[in-house]
**Q** 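Quick one: structure below, then a few questions.
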Amino acid sequence: MPISEQQQHHLRQLPAVDLLIGLSQNEPALAAIPKTVLVRAIRETIESKRRQIMEADAAFNPDHLRSDHLIPQVIRRVAKLQAYNLKRTINATGVVVHTNLGRSCLAQEALDHVAAVAARYSNLEFNLELGRRGSRYSAVEDLLCEMTGAEAALAVNNNAGAVLLSLDTLARGQEVIISRGELVEIGGSFRIPDVMAKSGALLKEVGTTNRTHLRDYQQAITTATGLLLKVHSSNFSIVGFTATVPLDELVALGRQFQLPVMEDLGSGNLIDLTRYGLTAEPTVQDSVKAGVDVITFSGDKLLGGPQAGLIVGKRTLVERIKANPLTRALRIDKLTLAALEATLRLYRDEASAVQKIPTLRMLLAQRPEIERRAHLLAQALSALVDSRISVERMDLASRVGGGALPLLDLPSSCVAIRPTGLSVNDLESGLRKHRPPIIGRIENDLFIMDARTIQDDEIEIIVSAFKAIR
Ligand SMILES: *Cc1c(COP(=O)(O)O)cnc(C)c1O
């Protein structure tokens with residue numbers, strides 16, 4: 001479409017980049033900004049005006065081509081460009097292990113150890129006793145064995161990597177027998193059949209979706225079989241007429257046919273959650289005790305540490321896994337290793353672990369504590385005397401997340417905002433775009449914030465975010 005004379009006129013009024021660079025010299029807010037950032041912000045600002053003109057945008061106002069209007073826009077763009085893309089966020093969703101929000105928050109002990117190790121040199125691969133090259137895996141191997149009772153252990157980049165590496169080592173080119181009900185897909189397109197295919201192992205599914213018996217495994221065993229695999233169903237649950245084979249029976253079957261048994265536990269849990277009133281979630285120790293040969297689990301789900309994939313089990317098998325060249329491609333980095341070691345050490349004293357590891361603390365938080373926080377938040381928001389919102393406290397449920405205990409409702413205390421002067425979507429988006437962003441959920445036209453996953457020192461931030469919303 002040819003552009004009109006008026007559009008041409010407006011295009012000619014667009015200032016040159018150099019002109020705005022010159023003007024920005026007088027702006028204190030732009031004084032110390034790196035030139036590349038400043039130029040990018042100026043270009044983008046001019047470009048957005050050009051687009052408005054070309055598209056004959058109804059919102060376009062010729063007065064906005066004046067530099068006294070453009071410079072504040074440049075300042076806003078610069079601020080956006082200078083802010084981190086990956087940023088701290090307030091999780092008001094009530095989902096404790098929230099995959100989209102970074103899963104687990106690290107304990108202070110872990111943060112301190114990361115800072116100490118990362119800022120200086122370390123003995124990452126140096127054996128201080130012997131004065132020669134050492135293994136990075138030794139930093140956590142003995143702790144993992146101590147915690148789980150396993151003979152040997154290895155930490156890699158993440159659990160998806162741990163599963164891939166274990167299958168590649170133990171069953172490449174051989175059949176892996178797994179119950180049909182355990183062919184799970186978890187978030188981020190991790191699907192057991194796909195990982196199996198990548199590892200070069202051949203999937204042999206047995207049983208039915210809801211019921212699998214020992215004889216199903218037994219009848220499937222041939223000379224081509226390399227491994228029996230059990231996978232934690234993580235984010236779903238089959239209820240009703242169901243049957244699964246107990247771990248010890250599967251282990252006995254493996255022994256009988258001299259086949260290794262592997263279990264992907266998903267969310268690695270080291271403590272008995274029933275002692276805190278939660279539904280039972282299998283522990284790594286249980287699996288070790290049952291005699292499973294290789295067990296894999298995540299570092300940043302229920303365990304509450306950094307992203308990592310942990311492999312524990314029989315020494316001969318773990319040694320074979322360590323020797324696989326793929327291990328090098330999946331190796332854990334030193335920052336993760338530092339955080340993981342510090343987190344594991346906290347488990348030596350369970351009472352302190354459930355206090356100091358944020359994932360466990362939030363998961364096991366008692367009702368009165370959550371209520372107190374919800375109350376403080378509701379009170380502070382009510383005190384805003386903002387006529388556009390009304391504030392209520394509501395008893396709703398939080399979720400564990402991270403593929404653990406998918407059916408479990410954790411009774412929680414929430415603050416519900418009923419916006420009247422603005423839409424609930426505008427409220428949600430305003431809070432989401434705040435610095436730091438505040439992520440809650442919308443239910444029945446209410447904006448819900450769950451006090452379980454909010455920290456005390458975040459209340460003030462939430463209140464100021466509400467103040468800033470227009
Ligand atoms: C979460 C999960 C994985 C993947 O673990 P990541 O740490 O995300 O790589 C694998 N298997 C199961 C059963 C899981 O729940």
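Counting starts at 1 for both ligands and their atoms, in listed order. Given the structure is predicted, the values throughout are model-derived calculations rather than measurements.
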**Q** For A224, which residues count as a side-chain contact (heavy atoms from CB on, under 4.5 Å) partner, sequence neighbours excluded?
**A** E175, T222
**Q** For ligand 1, which atoms, with element, lie under 4.0 Å from some heavy atom of A160?
**A**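 With A160 as reference, the close atoms of ligand 1 come out as 4 (C), 5 (O), 6 (P), 9 (O).
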**Q** Are any of the N/O atoms on S267, whether in the backbone or the side chain, positioned under 3.5 angstrom from an N/O atom of ligand 1?
**A**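 There is no such contact.
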**Q** Does CZ belonging to R432 count more than 12 external heavy atoms closer than 6.0 Å?
**A** yes
**Q** For ligand 1, which atoms have a heavy atom of G266 less than 4.0 angstrom away?
**A**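 The atoms of ligand 1 under 4.0 Å from a heavy atom of G266 are 12 (C), 13 (C), 14 (C), 15 (O).
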**Q** I need the nearest protein heavy-atom contact for atom 4 (C) of ligand 1: residue, atom name and distance, please.
**A** I186 CD1, 3.4 Å
**Q** Output the list of atoms in ligand 1 that are nearer than 4.0 Å to some heavy atom of N158, sorted by atom number.
**A**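 That gives atoms 9 (O) of ligand 1.
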**Q** Could you tell me whether E263 approaches ligand 1 through its side chain, its backbone, both or neither, with non-hydrogen atoms closer than 4.0 Å?
**A** neither
**Q** What's the spacing between K230 NZ and I295 CD1 if we round to 0.5 Å?
**A**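 K230 NZ to I295 CD1: 13.0 Å, rounded to 0.5 Å.
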**Q** Is it true that atom CG of N444 has more than 12 heavy atoms of other residues, nucleotides or ligands lying nearer than 6.0 Å?
**A** no
**Q** Would you find a donor on one side and an acceptor on the other, under 3.5 Å apart, between the side chain of E205 and the backbone of R180?
**A** no
**Q** D293: which residues meet the salt bridge (Lys or Arg N to Asp or Glu O under 4.0 Å) condition with it, sequence neighbours left out?
**A** R255, K314
**Q** Please determine whether any non-hydrogen atom of E185 lies less than 4.0 Å from an atom of ligand 1.
**A**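 No; E185 lies far enough from ligand 1 that no heavy-atom distance drops under 4.0 Å.
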**Q** Against the six-membered ring of F241, is R211 placed for a cation-pi contact (under 6.0 Å from the centre, within 45° of the normal)?
**A** yes
**Q** Given that the side chain starts at C-beta and the backbone is N, CA, C, O, which of these parts of K301 lies under 4.0 Å from ligand 1, counting heavy atoms, or is it both or neither?
**A**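 For K301, only side-chain atoms sit under 4.0 Å from ligand 1.
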**Q** Provide the number and element of each atom of ligand 1 under 4.0 Å from a heavy atom of S298.
**A**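 The atoms of ligand 1 under 4.0 Å from a heavy atom of S298 are 5 (O), 6 (P), 7 (O).
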**Q** How close does the nearest protein non-hydrogen atom get to atom 10 (C) of ligand 1, and which residue and atom is it?
**A** N159 ND2, 3.2 Å
**Q** Name the closest protein heavy atom to atom 8 (O) of ligand 1, giving the residue it belongs to and the distance to 0.1 Å.
**A**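 Result: R103 NH2, 2.7 Å.
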**Q** Step by step, would you call L360 with Y276 a side-chain contact (heavy atoms from CB on, under 4.5 Å)?
**A** CA-CA 11 Å; L360 294 180; Y276 302 89; over 6 Å; no
**Q** Answer whether the closest heavy-atom distance between the side chains of L270 and T283 falls below 4.5 Å.
**A** no
**Q** Under a 4.0 angstrom heavy-atom cut-off, which atoms of ligand 1 come close to H232?
**A** 13 (C)
**Q** Considering only heavy atoms of F190, which atoms of ligand 1 have at least one such atom less than 4.0 Å away?
**A** 10 (C), 11 (N)
**Q** I need the nearest protein heavy-atom contact for atom 15 (O) of ligand 1: residue, atom name and distance, please.
**A** S234 OG, 2.5 Å
**Q** Does even one non-hydrogen atom of D264 get within less than 4.0 Å of ligand 1?
**A** yes
**Q** Can you give me the closest heavy-atom contact between I33 and Q82, atom names plus distance?
**A**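 Answer, listing the atom of I33 first, then Q82: CD1-NE2, 3.9 Å.
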